[in-house]
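Inspection log for the structure reproduced underneath, given as structure tokens.
The figures here come from the full heavy-atom set of this structure, side chains too, leaving out hydrogens, waters and symmetry mates.
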Amino acid sequence: MVAKVTKDGRIILWEGASLWAFDVLPGNQPASNRMHSHHAFQLTLAAGGGVGIRTDQGLVPGPVILIAPDVPHAIEAEGRIALLFVDPESRAGAGLKQLLHNAPIARLPDLLGREAELKRIWKQPPPAEAALVAAGMRLLDLVLGCRTHRSELDPRIERVLDRLSERSERGITATEAAGIACLSESRFSHLFVEQVGLPFRTSCCGAG
């Protein structure tokens, strides 16, 4: 529903999930490198460099780590990392729960296409907000091996997000997006806000 770009990374939130991307410099661990927990599934992905998650059971190495809600943990990382937080009550949350098999944390198999998807987040100029939402959704697709969580989105908006991600450097206009969705520009604008939580004109402006 909102996006931010800080000196350390980028944050994008949408209905039921959020994506946080950071550069962790050598010897400069983030503040989150203390034991903490979230009432959300946390998917931790290495985007260049290494990452591990420490719990009271020891260190789980990356590059892809899934943590159940409310499990105390600390991040140990160097280089670029991405965190996906997912509402446990969402369809995607139900899918992630199945992947854990009742364990509090698991190292998942590496994802084909992970590095390519993550590279999109650090493109210059920074991608539009909707392109970051689309990147987060595609990463969930890769983890879940299906499009279960996408069923929460109107397929017309899915088409626009997919097209936007393909053209993240140039973007698309509201008129083009409405045509992709087969809607009037006015109706598309209202539906986009309802589904994504961002005005289309805002989300398609560079995040920088």
Side-chain angles (χ1 to χ4, degrees), residues 1 3 8-24 29-122 131-153 158 161 165 197:
M1 295 183 182
D8 299 314
R10 300 169 189 180
I11 302 170
I12 182 79
L13 299 91
W14 66 96
E15 190 68 31
S18 63
L19 173 66
W20 303 58
F22 300 97
D23 290 294
V24 183
Q29 297 292 343
S32 59
N33 194 37
R34 297 187 295 268
M35 283 291 184
H36 62 286
S37 63
H38 320 279
H39 187 60
F41 286 98
Q42 177 182 312
L43 185 65
T44 304
L45 304 111
V51 66
I53 298 294
R54 186 172 296 281
T55 70
D56 58 6
Q57 299 177 0
L59 182 69
V60 178
V64 183
I65 310 163
L66 178 60
I67 311 166
D70 305 313
V71 174
H73 63 278
I75 301 171
E76 297 189 5
E78 184 174 298
R80 290 176 170 174
I81 62 170
L83 307 177
L84 268 169
F85 294 99
V86 179
D87 183 348
E89 303 302 321
S90 67
R91 289 188 179 91
L96 294 176
K97 182 178 180 179
Q98 292 179 4
L99 292 178
L100 281 172
H101 302 290
N102 296 318
I105 185 170
R107 182 188 188 197
L108 301 183
D110 200 0
L111 308 172
L112 182 64
R114 169 181 58 87
E115 291 185 358
E117 286 299 338
L118 290 168
K119 282 180 180 178
R120 298 173 188 264
I121 300 170
W122 278 272
L132 290 173
V133 171
M137 289 180 172
R138 282 194 305 273
L139 287 167
L140 277 176
D141 284 340
L142 291 174
V143 171
L144 294 171
C146 64
R147 297 172 67 89
T148 300
H149 66 286
R150 294 288 198 109
S151 61
E152 298 175 1
L153 277 180
E158 285 187 41
L161 291 175
S165 67

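Residues Val143 and Leu66 fail the side-chain proximity criterion, which asks for heavy atoms closer than 4.5 Å. Considering only heavy atoms from C-beta on, His73 comes within 4.5 Å of His38 through its side chain. Here the side chains of Leu118 and Arg80 are not in contact, with every heavy-atom distance at 4.5 Å or above. Between Leu43 and Leu139, the closest side-chain pair of non-hydrogen atoms is not below 4.5 Å. Residues Arg107 and Pro63 have side chains in contact (heavy-atom distance under 4.5 Å, counting atoms from C-beta outward). Side-chain contact between Lys97 and Pro88 is absent, with no heavy-atom pair separated by less than 4.5 Å.
Leu100 and Ala68 get closest at one heavy-atom pair: CD1-CB, 3.6 Å. The two residues Trp122 and Asp23 make their nearest non-hydrogen contact at NE1-OD2, 3.3 Å. The two residues Asp70 and Ser37 have their closest heavy-atom pair at C-CB, 3.8 Å. Across Gln42 and Leu83, no two heavy atoms sit closer than the pair NE2-CD2, 3.9 Å. For Arg114 against Asp110, the heavy-atom pair with the smallest separation is NE-OD1, 2.6 Å. Scanning all heavy atoms of the two residues, the minimum distance from Glu76 to Arg54 falls at OE2-NE, 2.7 Å.
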Please lay out, stage by stage, how Leu45 and Leu111 fare under the test side chain to side chain contact (heavy atoms under 4.5 Å, CB included).
CA-CA 10 Å; Leu45 304 111; Leu111 308 172; 3.9 Å; yes
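For CG of Leu112, the number of neighbouring non-hydrogen atoms (other residues, nucleotides, ligands) closer than 6.0 Å is 12 at most.
Note: Phe41 CZ to Asp87 CG = 9.5 Å, rounded to the nearest 0.5 Å. Note that OG1 of Thr55 is 5.5 Å distant from CD1 of Ile105, once rounded to the nearest 0.5 Å. The CG atom of Leu144 lies 5.0 Å from the CG atom of Leu96; values are rounded to the nearest 0.5 Å. The distance from atom CD1 of Ile11 to atom CZ of Phe22, rounded to the nearest 0.5 Å, is 5.0 Å.
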